[in-house]
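Here's the structure, in structure tokens; my notes come after.
What you see below is based on every heavy atom in this structure, not just the backbone, and it leaves out hydrogens, waters and symmetry mates.
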Amino acid sequence: MKSTRESRVSDMKFKGYRRADGSIGIRNHILVIPTVSCVNRVALDIASKTGAVTFMHPYGCTFDAEENTTTEDTFIGHGRHQNVGAVLVVSLGCETASARRIADAISTTGKPVEMLIVQKEGGPARRVIPVSASLSA
């Protein structure tokens, strides 16, 4: 026989987001990841116009292989976090950190992930915002 406390606990509901990989988040953020400081403004503009969240990348574009791996792994961890529902990786296009590696590693969670390469979109002055409907929560 269940105690009163056990009964109350089993009747509790949790409102969250079950991810494709089995993790559960209590938030459903769209995360904009800038792969280099040169695209911080673009990432911030996208986040502010769409309700997404972002962070400022404090470094420039050239690291050695070990530093690139550390940076990429950190961004992959941010994107895989259970409170993130979708990710847009924003790259300038010439940095040594791999936006493709970051996007591919995050996509293994089953979350929608897209990349924006600013130089291919006409540069930061155009601030193209191709946030796909597939990223919408």
Side-chain angles (χ1 to χ4, degrees):
M1 178 174 257
K2 286 186 178 180
S3 71
T4 304
R5 179 168 193 233
E6 289 174 327
S7 179
R8 283 187 309 214
V9 170
S10 67
D11 291 339
M12 294 174 87
K13 303 245 189 266
F14 173 78
K15 291 186 179 185
Y17 300 92
R18 184 174 301 279
R19 305 296 177 204
D21 66 357
S23 64
I24 298 173
I26 59 171
R27 303 280 187 268
N28 202 30
H29 294 298
I30 296 175
L31 177 62
V32 181
I33 298 177
T35 60
V36 65
S37 63
C38 306
V39 295
N40 281 343
R41 184 79 240 172
V42 175
L44 187 61
D45 286 351
I46 291 169
S48 68
K49 291 176 181 171
T50 62
V53 296
T54 192
F55 54 89
M56 297 296 95
H57 189 310
Y59 301 110
C61 59
T62 305
F63 291 115
D64 61 32
E66 184 178 346
E67 290 294 329
N68 275 337
T69 300
T70 300
T71 300
E72 292 165 2
D73 288 346
T74 300
F75 294 163
I76 290 165
H78 290 334
R80 286 181 171 172
H81 192 278
Q82 61 269 23
N83 286 333
V84 173
V87 177
L88 176 64
V89 179
V90 180
S91 168
L92 185 58
C94 59
E95 65 272 29
T96 56
S98 173
R100 172 57 53 206
R101 178 175 176 258
I102 295 165
D104 288 349
I106 294 168
S107 71
T108 64
T109 65
K111 295 175 185 181
V113 180
E114 292 200 9
M115 284 187 2
L116 168 64
I117 301 173
V118 173
Q119 289 177 339
K120 288 186 179 180
E121 298 296 334
R126 288 186 56 193
R127 293 200 181 117
V128 177
I129 304 176
V131 178
S132 162
S134 69
L135 290 179
S136 297

R80 and T108: CA distance, side-chain angles, deciding distance, side chain to side chain contact (heavy atoms under 4.5 Å, CB included) verdict = CA-CA 9 Å; R80 286 181 171 172; T108 64; 3.5 Å; yes
Go through the steps for D73 and R101 under the test side chain to side chain contact (heavy atoms under 4.5 Å, CB included), then give the verdict.
-> CA-CA 9 Å; D73 288 346; R101 178 175 176 258; 2.6 Å; yes
Do T35 and I102 pass the side chain to side chain contact (heavy atoms under 4.5 Å, CB included) test, and can you show the C-alpha distance, the side-chain angles, and the key distance before you say yes or no?
-> CA-CA 9 Å; T35 60; I102 295 165; 4.0 Å; yes
Given I106 and I33, is the side chain to side chain contact (heavy atoms under 4.5 Å, CB included) satisfied, shown in steps?
-> CA-CA 11 Å; I106 294 168; I33 298 177; 3.9 Å; yes
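Pairing each heavy atom of T54 with each of L31, the nearest pair is CA-CD1, 4.3 Å. For G85 against P112, the heavy-atom pair with the smallest separation is O-CD, 3.3 Å. Between A105 and I76 the shortest heavy-atom distance is CB-CD1, 3.5 Å. Across every non-hydrogen atom of P58 and S37, the tightest pair is C-CB, 4.4 Å. Taking both residues in full, the closest heavy atoms of T74 and T70 are given as OG1-O, 2.8 Å, listed atom of the first, atom of the second, then distance. Taking each heavy atom of A97 and N68 in turn, the nearest pair found is N-OD1, 3.5 Å.
One hydrophobic cluster holds both I26 and I24 under the rule that ILVMFWY side chains link at heavy-atom gaps under 4.5 Å. A continuous path of hydrophobic side-chain contacts links V53 to V113 [ILVMFWY only; heavy atoms under 4.5 Å].
In this structure the side chain of H57 never reaches within 4.5 angstrom of the side chain of V39, judged on heavy atoms. Between L92 and Q119 the shortest side-chain heavy-atom distance falls below 4.5 Å. At least one side-chain heavy atom of M56 sits under 4.5 Å from a side-chain heavy atom of L44. With contacts defined as side-chain heavy-atom distances shorter than 4.5 Å, the pair C38/E95 does not qualify. With a 4.5 Å cut-off on side-chain heavy atoms, M115 and S91 do not count as touching.
By the 30° and 60° cut-offs, the orientation of the rings of F55 relative to H78 is perpendicular.
R19 pairs with exactly one of N83, T109, N28 by the side-chain hydrogen bond (donor to acceptor under 3.5 Å, both in side chains) rule, that one being N28.
If you take CZ on R100 and OG on S107, they are separated by 8.0 Å, rounding to the nearest 0.5 Å.
For the pair K120 (side chain) and G93 (backbone), a donor-acceptor distance under 3.5 Å is absent.
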